[in-house]
2 protein chains.
Amino acid sequence: MVDELGFHLRRAQVAAFKQFAQTVTQAEDITPGLYGMLQVIANNPGLTQSALAEAMEVDRSSIVKVVNQLEDKGLIIRAAVPNDRRSYSLRMTAQGKLSLARIEDAVMRQDRDFSAALTETERGVLIGLLKRLGK
Amino acid sequence: MVDELGFHLRRAQVAAFKQFAQTVTQAEDITPGLYGMLQVIANNPGLTQSALAEAMEVDRSSIVKVVNQLEDKGLIIRAAVPNDRRSYSLRMTAQGKLSLARIEDAVMRQDRDFSAALTETERGVLIGLLKRLGK
DNA sequence: TATTGTTATACTCTATAACTATA
DNA sequence: TATAGTTATAGAGTATAACAATA
């Protein structure tokens, strides 16, 4: 069991979520899931809800509540799409951009703190190996 | 974002779960969570439900359904504890031991398959680095 | 007919609080 | 009083199916 990669992967990930909750979520009221959504929206301004769902690999019905939450927080807006009245295009608000910058700072600190036992080189090696997993 | 350890950790772990579901769960009807429980019970025969809950870092109320499932599958038994009639001691059944051996085979194959892109050395390095994360 | 967003519904996993039977 | 197991309940997070509006 101790030599199972899946086991150690899960253990590390659960620990990372717990630490995220105790730092970033507590300070900025953003869960790991919402943070991931914000990043996708910030890096793909104007994408539709369906596109966001596809990027996050979840069903588009599961996106609705998330987008509601981010909009209620004033971080993003749903805007009409000129040529398709079925769709909404998602964008960061000015406040959302400011908030995301602050959240990113907190996430970076948490991320570094979580891997504080590793050297910078080891951290890079770890990320490189993780990227090659799965298929 | 791409240099965030937490992001890559989560991505890899989600991929591992998906692959586990498509292989081990499909063949042996055991989820990653149930498999983890089985391992703890197999390696700590006679432990109580509360001890199992502590080992898995979940509330003891969350253990009840899991133990029911494993018992319904005939993999484990709840046995009376001599000096404390409040507790149950958990053990693998003979069939449970046989099943676990088969499940472990499937898990080992899945685990190797998941990290097929890595050399044996790299796989060892990855596990070693993962073990040092968190606090 | 097909697609977008939405709602209703359900299922899994987890937690908290309260109950029971013991200790 | 405290503890072990249980139950009821609730909250995330996810999925499927069906619907209205639009393409």
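So you know, we letter chains A, B, ... as the sequences are listed, proteins then strands, and number each from 1.
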Q.
Walk me through whether Glu57(A) and Arg11(B) qualify under salt bridge (charged side-chain N to carboxylate O under 4.0 Å, His left out).
A. CA-CA 11 Å; Glu57(A) 294 185 75; Arg11(B) 192 223 121 248; over 6 Å; no

Q.
Please determine whether salt bridge (charged side-chain N to carboxylate O under 4.0 Å, His left out) holds for the pair Asp111(A) and Arg123(A), giving the CA-CA distance in whole Å, both sets of side-chain angles, and the decisive distance to 0.1 Å.
A. CA-CA 10 Å; Asp111(A) 210 60; Arg123(A) 191 174 185 280; 2.4 Å; yes

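The distance from atom CG of Asn68(B) to atom P of dT12(C) is 14 Å, rounded to the nearest whole Å. When the P atom of dT20(C) is taken as reference, atom OH of Tyr88(B) falls 16 Å away, rounded to whole Å. Between the P atom of dC13(C) and the OH atom of Tyr35(B) lies a distance of 17 Å, rounded to the nearest Å. In this structure, CD1 of Ile63(A) is placed 13 Å from P of dT4(C), rounded to the nearest angstrom.
Contacts classified as side-chain hydrogen bond (donor to acceptor under 3.5 Å, both in side chains) and involving residues 88-103 of chain A (residues at least two apart or in different chains) are given here: Glu28(A)-Arg102(A).
When atom types are taken as modelled, the side chain of Ser62(A) and the backbone of Val58(A) share no donor-acceptor pair closer than 3.5 angstrom.
Residues Gln22(A) and Gln110(A) have side chains that never bring a donor and an acceptor to within less than 3.5 angstrom of each other.
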(Q) Across nucleotides 12-23 of chain D, 5' to 3', mark each nucleotide with B, S or - according to how protein heavy atoms within less than 4.0 Å reach it. (A) ---BBB---BBS

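A salt bridge does not link Arg60(A) with Glu54(A): every distance from a Lys NZ or Arg NE/NH1/NH2 to an Asp or Glu carboxylate oxygen is 4.0 Å or more.
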